[in-house]
Amino acid sequence: MKQSIPKRPMMKEWHVIGFTIFLLLVFAVILSAQATGVGQDFSSEQFFDLWAKMANPDWSYIPDIITPLLQTIQMAIVGTLIGCVAAIPVALVSASNIVRNPYVRGVVRFIMNLVRSIPEMLLAALFVAVVGIGALSGVCALSVFSFGMMFKLLYEAIETVDQGPIEAMRAAGGNRNQVIVFAVIPQVLNQYLSFFLYTLEINVRASAVLGYLGAGGIGLYLNTTLEMFRYDRTAVVILGILVVVVLVDALSNKLREALS
Amino acid sequence: MTEKKGNIEIKNVSKVYPNGTVGLKDINLNIKQGEFVMIVGLSGSGKSTLLRSINRLHDVTDGEILIDGQDITKATGNKLHKIRRSTAMIFQNYNLVKTSSVYRNVMSGRVGYYPAWKAALGLFTKEDQEMVKTNLARVNLLDKYYVKARDLSGGQQQRVGIARAMMQEPSVILADEPVSGLDPKTTKLVMNDLKKLNEEDGMTIILNVHSIGLALKYSSRIVGLKEGRIIYDKPIAEVDKRDFKEIYREAGDDSSVEAGNDVEED
């Protein structure tokens, strides 16, 4: 008896659906490119000019950027500190093992999710408009950003603590605050410090560009050097940011390893 | 801790879990100050539920539990905290904060006596710090004062749990399978600690246990639970070993009596 591969319908034999989708995608990419003007004139001259200038950094610019670099770090530290401290009570209220009322938790979490959904650059732009140009608006933006981030990390950590000690404190006649102080905080302290360092790392990176919007720090110098076509100085600024970010990351990693 | 405190009256207590499981059915139990009551029964018979209800770690559906005349099932706020303070609990899993020192764990038993902010700042009185030392010395762990709880063995952790319970200056100690994770030697240490509290300090002790040997050796009264009901309740003098057959009997087996006899002779 002769056996044969079963015959497939024409549609499947020639992969009609797959090819159609592929062609549609290609078409969509071409249309989007046209709509956004990707194909516009590209000046390779300017491009190589930028590279050439950036390859010869103006090292004499270093003393000028030390202060703003330090300001960037300071902004990050202050912003992280304010945001992370403010996040503690809110995180406690949203943790299901601390607050039993699901409506209270739900409302708090909803508001916090709104806060977290605002990107930090947008926050900076908002605060520059409200507070004015300067480091304060940067600090405000970073505070709100850290607040949202720490809130999320912390309440999840609180919800996963060992329930035993909480039960023991309740059994010993402790009220809610005492339960928190004696059973919850000791269990999440290390994690909290670790989250703090992690948030700081991210904030240092973020605050480097916040100045671009006028929110203080090194970003302002990035902006001015670019606008004056001093790419040799831009290179120095970028290298400065790189050094700071790498140093803070390394330090934070070391400390976090020590914590765990 | 006056000598007359530590009476527990459980009246018509029933407990139905939200999913419909019946935890306790019409429990009536009168425990007098100074008794050492062991509650025996199969897993799922309601032992833990009963013990936890006395401290209101579980709410009961019906009935009342009077601790020295005060009904804990309806107490709220400060009153509830005060009653809980007088009924210390010892747990199967020790429930210590593993990352905290022994000192801090023991001191935490004292929280019921402080306003929250004072306790948070660690503003404990000299007397209470002395009390930590005394209680740790009683369980022979004074040398572990600064050690973190997670670095202790199970038996040591349980004895820290006992020291913590003692900080409450309770009149009742509720122990929920306190020795089920421990070897026979450590079991003996822990049980002797509890016996001492019972005999020297006159505390009422209620203890859940799986081992019949332990029950016969230490208790002054044995209560048997089965499917949420009390099916056995006798002072130790009247207890016959054969009685356990009934408590531990399940449909289709009658050999489970031997299971609990292992620790009896040590």
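Proteins come first, then strands; the chains are lettered A, B, ... in the order of their sequence lines, and each starts at number 1. When reading the values below, keep in mind they use all heavy atoms of this one structure, side chains included, and skip hydrogens, waters and symmetry mates.
- Interface residue B/Thr87: only backbone heavy atoms are found under 4.5 Å from chain A.
- Taking the centre and axis of the six-membered ring of B/Tyr113, the NZ or CZ atom of B/Arg85 falls inside the cone set by 45° and 6.0 Å.
- When each of A/Arg176, A/Gln163, A/Arg170 is scored by its heavy-atom pairs under 4.5 Å with chain B, the top score falls to A/Arg170.
- Between B/Asp176 and B/Arg52 there is a salt bridge, since at least one side-chain N of the basic residue sits less than 4.0 Å from a carboxylate O of the acidic one.
- At a 4.5 Å heavy-atom cutoff, B/Asn93 makes no contact with chain A through either its backbone or its side chain.
- Under a 4.0 Å N-O distance rule, the pair B/Glu130/B/Lys133 qualifies as a salt bridge.
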Applying ring-ring contact (aromatic ring centres under 6.0 Å, His included), run through A/Phe151 and A/Phe147 and close with a yes or a no. CA-CA 6 Å; A/Phe151 158 78; A/Phe147 179 56; 7.3 Å; no

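- The choice from A/Val181, A/Ile180, A/Ile166 that makes the most heavy-atom pairs within less than 4.5 Å of chain B is A/Val181.
- Both the backbone and the side chain of A/Asn175 come within contact range of chain B, each with at least one heavy atom under 4.5 Å from a heavy atom of that chain.
- For B/Arg110, no part sits under 4.5 Å from any heavy atom of chain A, backbone or side chain.
- Ring planes of B/Phe124 and B/Tyr114: perpendicular class, angle over 60° (limits at 30 and 60°).
- Within the 3.5 Å criterion, the main-chain N or O of A/Gly217 finds a donor-acceptor partner in the side chain of A/Gln71.
- With a threshold of 4.5 angstrom between heavy atoms, B/Ser108 approaches chain A through its backbone and through its side chain.
- Proximity to chain A (any heavy atom under 4.5 Å) is shown, for B/Lys82, by neither the backbone nor the side chain.
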